[in-house]
Structure formats: C-alpha cells, structure tokens
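Note sheet for the following structure.
First the proteins, then the strands, lettered A, B, ... as listed; each starts at 1. Both backbone and side-chain heavy atoms feed into the values below; hydrogens, waters and symmetry mates do not. What you see is a predicted model, and the numbers here were worked out from it, not measured in a lab.
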Amino acid sequence: MTSIEDEWLWGWDATPGIVSVWAENARAIVWRRTADTGVLVREEERFRPWLLLDRLDDLLHLGAAVGRDGDPDAQVTHRELDGGGALRYLVSARNSQLLINTVLKGATQRLGRHIRHVRELDEDGILMLQPEEQYLVASGRCYFRDLSFDDLHRLQFDLETTGLDPAHDRIFMVSVRGPDGGSQVLEAHGTDDAAEADLIRRLVAVIQSADPDVIENHNLHGFDLPFLDRRARKLRVPLALGRFGPPGLRQRGARRGIALGDGDSRRRVRFMAPGRELIDTLDAVRRYDQTTRELPGHGLKAVAKYLGIARPEREYIRGDLIYHVYRSDPERVRRYATDDVDEVAALARMLGGPSFALAQMAPRRYERLADAGAATGVIDPLLVRAYLRSGTALPAHESSDGTPHSGAALHLFAAGVAHRVVKADVASLYPSLMRAYRIGPERDTLGALLSLVDRWVEQRLVAKAKARIAAPGSPERHSHEAMSAAMKLVVNSAYGYLAAGGDLTRFADVHAANEVTRRGREVLDLMCRELAARGVTLIEADTDGVYFAVPIAWTEADERRAVAEVAALLPPLVQLELEGRYAAMLSHEPKNYALLGYDGTLLLRGVAFRSSRAEPFGEKFLRRAIGRLLIDDVVGVHEVYLTTVSALRHRDISTHDVSSRVRLTKTPEQYLESRERRRELPYEAMFAAGRKSWSVGDRIRVYRNSAGEGALVLEADDDGESAQMDPRNYDIEHYIRLLRDSFAVRLARAFTQEDFAAVFADPDQPSLFQPPISDIHTVLTALPHHRTAGDVHDDPGDPG
DNA sequence: TCATACCGGGG
DNA sequence: GTGTACGGTATGA
C-alpha cells in the first residue's frame, strides 16, 4: 500500500531503531536500539558499494571482469538507468576499493594523467556518496524508525579550560551528564601534563561506560572536540570516544567545521566518533533562529534564558574568569559546569527535534543532517534516492547560463506615523506558488521535487494534527512537533534549492526560481492593488506581506473582511492571512519601523532602531519617545527629549548608559603600530585604564570623557568585589549632539521639517518663531514613487 | 562614503 | 567529498 512517492519520502525498509551507522568497504555496522527494552544491538551488514557514471569507458580495461548486473563472471557490474540524465550508469562492485581503483585506473588511461582520487574527476561525470549514504540509499533504511527522541541514549559533556587556545591552555574540569540524567564533575588533580592526561582518560572511561548513542554540547564541533583532540594528541592519551575501530577521532570535511593545523589550508573539518552521533546544539539553535529570528544571540546562556530552560538560580561566570574563580571558589565552577550540561540536555531536546525527524526521512547520518543546509544537505540526498529507486538517470550539475537571479519585491509606500495598522501576509508563499503553478526544475523529469513538496505539506498537516491530540510534554507530542518542524524546514527550502547559485544543487534552476519570484511579485502587487481599492492606506510591502492603515471607521471585522476579500482573489494554495493588528506604526525606512500593539507593547524593527552598539541612553530615549509619538503625544515626545538633554547636563545618566559596546579587533601590538597615524577610542580607553594586554574579540564598553578621551566602563562582574565604576565624567555636549543627530533623527519622518526642528530644538536657544509644540501633529507622507530597497537614501536634511 | 569581508561560538 | 543563512559590524579603496 506504499506508493513510490512514499518510498521517496521515507525510504522503504522498515528496520526499526537505527541509532548509528558506520560503513567501510562493503561492510555497514548498524547500531539499533529497541524502543521498549532500551537494549542496544550491533549488526554487521554487507552491502554492495556503488556509484554513478556518465560513461562506461573507464571500466572497459577490466575486460571480462566487468559486465552487466547479474553477470556471474563480472567483479564490477553496471546497469543502465532510464531517462536522459547524464549519470546513466549505476556501477557497483564487491568492495569499494575495487570499485574506486577500477574507475581511477580507467580515468588515468583516458585522460593520460595520473588520477589518484575521485575528487580529481570532473564532478559532472561521477556521483559517489559517503559509504554510509551509499548503504542507506541502497537499502532504503533510515535512522530512528519507531523511535522517539527520548529513546536515544544521550550524553552531554562540557570542558572547562584555562583559556581558548589548546596550544597553551589546559582542560582542568569536565562536567558530564549521562543518559540517565545524572551528572558528575571530573577535575584535574594538579596543573601539569600528567594531571590533565589523567582527566582525559577518566572522561574517555566515563563515556565508554555510559555508551551513549549521541554526544551533545553547545559548540561541540567548534570548541570542545577540537580542544580535546588537540590536548589528547599532545599528551598522547588515546581518545577512544567511539564504538568501533582504533582510538582517535575521525575527520570529515565540513564547511562549518574548524580549520585544522596552523597552515592556511582551506580545509575545514568536523570530528566523528564511529558508532556515535556528535551533535552540536549550536547548529540546532542556528537552524531554529533562521526561521524565528528572535534570539538575542546564539550563546548557550542567552538561548537557555530566552527559551526558559535556565534555572532561576543558575550559576554564571564570565568566560575569561572561570579558571580564576576556580582557584578561589571551585565549588562555584562545579555548579556552573553542571548547569551547562543540564542546559545543553534541555536545549537539545527542545530544538533538536527537526534534525531527529529529518533523519527519519533522509538517507544520511543523523549528525550530518543536524548540521546540513536544508537544500544541499537534505533535499539533494532525497532526490538522489528517489531517482535511483525509480531506476532513472540523474542529471549532472549544470552551471547557470548567466541568467541573473531576480528577487522579491520591497515597496515603501508611506513614511511617518500611521494609525490602525494591519499586517496581512501569505504563509509559505514560494512553495505555494511552486505547487500552484507546478514550477519545478526543468531537469527533474520525474517531477520528484514537486511531488516531495506536495507530500511534505500533507505530512506537515498530519503531524500537526497528531501533535494537537498528544499529551503536552509526551514523547508522542515531541515526535509529531519535530516532524512538523522538519516538514516546514524542507518545504521552505524547496525554493532555496531551486535558486541555489553556482551548481550547488543537482537540480538548481534559475529560470524556475525566477518564475517563482516573478509570481511572488505579481501576488504582492495584486494584494497591494486590491487592498488599496478597498480604501486602505498602504505603508510597506515586503516579499509576502503588507502593512497598511485602515480608515478610522473600520472595525476589526471590516479589516478581516477586506483581507478575506483580497485573499479570495489570489491564486489557489496561496493563503493570505491577517497576521497582526496594531494601534500605530512609525514607518522609517524599508524594513525599519516601530509598531505599537493594541495592548501597549512596542516593537522596534530594523537596524535604525536596534543595534548592539547603540548607547543605552539613546535606545531608552528612542523607546520612550516613540511610545509617546505613536499615541500622538508630541508634547510628550518633546518632554522626553528635554528630560534626556537635562539628564545628560546634570549627569543623571550613568556612565554605563552613555557607553557603547565594542569588540577589540586589533592586538595590542597591531594597535601600537597604527596608533601614531590614528588614535582609536576603545584602545586608548584600554591604555588609560592601565590594561595593556587583551585578546582579539574581547568586548568592552567605552565612552568619551569630558576631556574628549576614551574611557572604559568596568562591568559588574569584571571583579567580584568592587561595584560598577560610574564616574559620570562623560562629555556632555558630545552626547547631546549624539542624541539629536543619531537618535532623534529616527523620528524625522513623523514630522514636517519645521515641526521636527521645533520638537528637537536646542532647549538653550529657543526660537521666537517656533509654533507651540501642542499644535504639532505627526504626519504620514505618501512617497510618490514608492521607494524600494535600491533607492533608499538618507533622512531629511539636518534639522537645526 | 560605499563596497566587501568577516563574524556569529567556546574558556 | 562540502556547500551560497543572513544581517550586523569592521575594514579598506
């Protein structure tokens, strides 16, 4: 009762419980866990290594040892696939050594130069997957069938080190959380090589004894594994973290891996431990934030806090102080390290679902799917499996014919303050257009991508429905939500797959991608026209959504009716929804606006309104002023301005609030070299504070003091004992100028030029000709030729 | 000033 | 034997 499309989606082999696969030559080692008993079994499977070629020429030198599939005398066999794709020959052999050597030898003869490696061959003429993927594609198996996330045996470990550089710094502590949820802290008994080596040995023993399927940490691949690998090599400790083979971590090339060795080689790698899956929660966080874009940062502490999984009494220690604190208060560092692994475990469960679910579909290892980009990392392997299952030849990669890729529409119709604002948008516009108009890659003769997108959309609805029925917090709920999120991920990546530049994806098709965006612009324009025809004032339209203001007499029902009417005019499958209602909006520039909700919440969007380096007093001013502005309290705006100026004058604002957070990007040596030519505030501030050494990347807070010199703000936990330094000796006039020229100008669109000048006039030089502030009202200005991303320039002229 | 190069994270 | 996120900031012409 399974169709071929089902097989494209899930594979076809029902073997349950696979938690890891390792393949070499013609042998795949498969670790499986039984859901109800938790028992782990290890199985050895034989499989026939295979690859795809565009020609058989390179096999002919074998003579009688090569033949069609089924030829009893042949060591290397081949089968011709259907269709016109370039990769028409499915070639296989008893073991991969024979297979590869045959091809390399043939290519060497054909090309007249020595070919040592498959990667030296024209990539359009061959497709050879990693051994595990060959096995999974050929067998139709996938990870985790009939398993839920909580069935996995997961272990988290976190290194505490004396610094970030494994060439000099040491591991002095490791916190470990086992599959049973219990945690322990391992410590070095001493500060020498022997003590650190002993610590690493104990860590390895703990991991071997816990025997987890999955090892997790935050930035595991970017910090802990490379650090551990380096220290273990240096100290000659065998790092036997896997379930198979000799000790030592294996490497795989990975774009987002680390650059190994001190050479400038481009090669970046990630580590592997055969039999276990090494999962970095940082990848899950990035994947999550890619769609939500709501996280304040991607660090463990920030994310855990934001997602509500940090204990209230959780221990925090600034990174560069950890070893320092350890020497005086080791117990505090033990708590800190334990909190880290607990948070990682919770975070992995909370955000790791999509990767877990992807591994139930795609023929790749779980750890690969966890760090893969969705287009090349997930969709491509699914398409390869679909074509092979159908016995159809795959097309070669095709580089673009030079057609430029055209993007989405972005219109700014009006700037200033609008009231009664509605946001209407289309969920998943691009995949909906692909489905509605059957826009797929031209070379996809099977129509596999569109078929998959259709099925993903269906399966997502199924998963969502099942998740709703399941008990909150239950493994079932987690599984269904994970599946739904995974489906959303692949659906939303289908367009990116088409549009992938270069020849990244096998079926990339700029023409199809451009057709999607063209339809998208058409839909957006239609939405705008039809909404405007119903009497609304358009403000901003971007890709798949529109902000508009409705007439004063409209009720919420009128708003919904207008959106519904327009929705009915859109193409099938394109669903327009009322996404949000707001009391008011300050439209500043494309993608830069403020929204005031009917519940009073103020939302600021875009660089103009939120930037990590902005001085806190300026941000606070902006929030307060915009809050008044959006209820048309211009007098209030004026007062906020005057209050802020006065607070600066009286030094009522703290030093911290006028300071700016910056990253040091030069070493002390580099700065000293350029210092004579150009003095830079942050470094001068470091020197002035008597700090002569720092590391590139360190973040500090600096401000300008009344002598016009850079000065440092010491933050509370720089030093356990002393309170925050707050001398309030900042350069008042400088910060008043900054207030007006950098912050107040962001309200300029809300006023006429004269009114803006009046509201933000220098309080010390009142003009006789100013209109009374109470007569001033905000404005919304229609932009005649609405401005798009390409032709946005500056704010209106300097008020003053 | 504008374009491009780089970063995010970890102790 | 991998992959083109994306939006901000730092830098160099």
Nucleotide nearest [X] (side chain, heavy atoms from C-beta), chosen from [options]:
{"X": "A:R368", "options": "C:dG3, B:dG9, B:dG11", "value": "C:dG3"}
{"X": "A:Y336", "options": "B:dG10, B:dG11, B:dG9", "value": "B:dG11"}
{"X": "A:Q290", "options": "C:dG1, B:dG10, C:dA5", "value": "C:dA5"}
{"X": "A:R119", "options": "B:dG10, C:dG1, B:dG11", "value": "C:dG1"}

Quickly work out the [X] [atom1] to [N] [atom2] distance and round it to whole Å.
{"X": "A:D158", "N": "B:dG9", "atom1": "CG", "atom2": "C1'", "value": "12 Å"}
{"X": "A:H397", "N": "C:dT4", "atom1": "NE2", "atom2": "P", "value": "13 Å"}
{"X": "A:E343", "N": "B:dG10", "atom1": "CD", "atom2": "P", "value": "11 Å"}
{"X": "A:L369", "N": "C:dT2", "atom1": "CG", "atom2": "P", "value": "12 Å"}
{"X": "A:E216", "N": "B:dG9", "atom1": "CD", "atom2": "C1'", "value": "17 Å"}
{"X": "A:R605", "N": "C:dG7", "atom1": "CZ", "atom2": "P", "value": "12 Å"}
{"X": "A:I379", "N": "C:dT4", "atom1": "CD1", "atom2": "P", "value": "13 Å"}
{"X": "A:I317", "N": "B:dG11", "atom1": "CD1", "atom2": "C1'", "value": "11 Å"}

Between [M] and [N] - [atom1] atom distance, rounded Å:
{"N": "C:dG3", "M": "B:dG10", "atom1": "C1'", "value": "24 Å"}
{"N": "B:dT4", "M": "C:dT4", "atom1": "C1'", "value": "16 Å"}
{"N": "C:dT2", "M": "B:dG9", "atom1": "P", "value": "26 Å"}

Pick from A:R364, A:R385, A:R252: which one makes a salt bridge (Lys or Arg N to Asp or Glu O under 4.0 Å) with A:E133? A:R364
Other residues, nucleotides, ligands: >12 heavy atoms within 6.0 Å of A:K301 NZ: yes
What does [X] touch in the nucleic acid at a heavy-atom separation under 4.0 angstrom: a base, only the sugar-phosphate, or nothing?
{"X": "A:D340", "value": "sugar-phosphate"}
{"X": "A:I322", "value": "sugar-phosphate"}
{"X": "A:L159", "value": "sugar-phosphate"}
{"X": "A:L300", "value": "sugar-phosphate"}

Both A:E160 and A:R286 contact DNA chain B. Taking the nearest nucleotide for each, which residue is further toward the 5' end? A:R286
Donor + acceptor pair across side chains of A:R231, A:T161 (<3.5 Å): no
Could you check A:D542 against A:K591 for salt bridge (charged side-chain N to carboxylate O under 4.0 Å, His left out), going step by step and ending with a plain yes or no? CA-CA 8 Å; A:D542 180 2; A:K591 295 176 188 274; 2.9 Å; yes
Using a cut-off of strictly less than 4.0 Å, decide whether A:H117 has a side-chain nitrogen or oxygen near OP1 or OP2 of C:dG1. yes
Within the distance-only criterion (no hydrogens, no angle test), does the side chain of A:D283 pair as donor or acceptor with the backbone N or O of A:T281 below 3.5 angstrom? no
For A:R506 and A:D380, indicate whether the former's side chain and the latter's backbone hold a donor-acceptor pair under 3.5 Å. no
